[in-house]
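Proteins get letters first, then strands, A, B, ... in listed order; numbering begins at 1 in each.
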Number of protein chains: 2
Amino acid sequence: MKPSDISITACSYSHVLEILSNKWSALVIYALESGTIRYSEIKRRIDGISQKMLTQTLRQLERDGLVSRKVTPSVPPIVDYTLTPLGNTLIPCMKMLKEWASEHYSVVRQAREQYDLGEDGAAVR
Amino acid sequence: MKPSDISITACSYSHVLEILSNKWSALVIYALESGTIRYSEIKRRIDGISQKMLTQTLRQLERDGLVSRKVTPSVPPIVDYTLTPLGNTLIPCMKMLKEWASEHYSVVRQAREQYDLGEDGAAVR
DNA sequence: CTGTATCCGAATAGATACTG
DNA sequence: CAGTATCTATTCGGATACAG
């Protein structure tokens, strides 16, 4: 048993991160948690996302089978997005992450401030 | 109550992802889960990481207060890294992510294959 | 042994303009 | 409304060389 076994175990992490490390993926999934909504609605909810990034993120999530896309060919067209059952299984994980963040992020921010202070202030003396 | 409330809630996600979306951060944390180890040992365990990325990742985790660094000024120098208590609180989250991945990743891969097939094969028909 | 510094190519992300 | 296409700026990551 090599110590580099870690790479194998870590492989799993990579897979998840591959899915939701895209800065917007998590946000989109969270927006869809409430149910089926359409493109423009997602865009409205996620303030700051560009058309390009939203479309790109949705395509990716669709490709991964986490989100389903339903086109109603009217004029103007309507496109609805929904979380698939697979997508829903991700919600508990994301809830946990969110909780970790709200519980511990203030500590992280403090740590950062301290670290950044030590950088130039009392380094060599 | 605006619909864009999501940005506020979603903010939490961004914070966590900010920490472990760096491709190597999760791996490093996982490597440190077993206890205190030194620089070269981490590098050995995470196959494929470059010095630059390892150092960069460690600095970042240290700055976030997730990892502590202890230098023993000998010749040659010894530098040990440990997960801080804060860093340890992240472990359950990562375990959950890992489990999700091992349970569902095969489905994701299948979804991808199907999606990619539909691209050029039976698109219009 | 444990880093730092620099260069370069690749991937990301945003802005903008255009289309069915 | 819901995209696609293109151009650009920034960031990321790897390789290499050098230092305490």
Point-to-point distance, once rounded to the nearest 0.5 Å, from OH of A/Y105 to CG of B/D64: 7.5 Å
May I ask you to evaluate whether A/R69 reaches the phosphate of D/dA2, defined as a side-chain N or O under 4.0 Å from OP1 or OP2? no
Between B/Y81 and C/dG3, is there a side-chain N or O to OP1/OP2 distance below 4.0 Å? yes
Can you figure out which of C/dA13, C/dT2, D/dG14 approaches the side chain of A/M53 most closely? C/dA13
Length of the CH2-C1' vector between B/W24 and D/dG13, whole Å: 9 Å
Working note: A/R45 + A/S40, criterion side-chain hydrogen bond (donor to acceptor under 3.5 Å, both in side chains); need CA distance, chi angles, decisive distance, verdict. CA-CA 9 Å; A/R45 290 208 204 172; A/S40 51; over 6 Å; no
Let me know, please, whether A/T55 or A/P77 comes out on the 5' side of the other along DNA chain D by nearest nucleotide. A/P77
What's B/S40 touching, base or sugar-phosphate or nothing? Going by heavy atoms closer than 4.0 Å. sugar-phosphate
For A/R38 and D/dA2, is the shortest distance between a side-chain N/O and OP1 or OP2 below 4.0 Å? yes
Report yes if some heavy atom in the side chain of A/Q110 is under 4.5 Å from a heavy atom in the side chain of A/Y115; otherwise report no. no
Can you tell which of D/dT4, D/dG14, C/dA13 lies closest to the side chain of A/K23? C/dA13
Just the rounded figure in Å: distance from P of C/dA5 to CD of B/Q51. 14 Å
Assign each of A/G48 and A/P76 the nucleotide of DNA chain C bearing its closest heavy atom; nearer the 5' end lies the nucleotide of A/G48
Starting at CG of B/L54 and ending at C1' of D/dT16, how long is that distance when rounded to a whole Å? 17 Å
With the side chain of B/K52 defined as its heavy atoms from C-beta on, choose the nearest nucleotide among D/dC1, C/dA15, C/dC7. C/dC7
Can you tell me the distance, in whole Å, between the CG atom of B/L58 and the C1' atom of C/dT2? 11 Å
Which residue is it: A/K23, A/R112, A/R109? I am looking for the one with a salt bridge (Lys or Arg N to Asp or Glu O under 4.0 Å) to B/E18. A/R112
Whole Å only: how far is the CZ atom of A/R44 from the C1' atom of D/dC1? 11 Å
Distance check needed: C/dT12 P versus A/Q56 CD, whole Å only. 8 Å
Remember a base hit wins even if backbone is also touched, and classify A/K43 as base, sugar-phosphate or nothing at under 4.0 Å, heavy atoms. nothing
Would you kindly give the CG-to-P distance between A/N22 and C/dT12, to the nearest whole Å? 7 Å
Can you tell me if A/T72 and A/R38 form a side-chain donor-acceptor pair at under 3.5 Å? no
Side chain of B/Y39 only, heavy atoms from C-beta on: which candidate in C/dC1, C/dG3, C/dG14 is closest? C/dG3
Write down the distance between CD1 (A/I49) and P (C/dT12), rounded to a whole number of angstrom. 15 Å
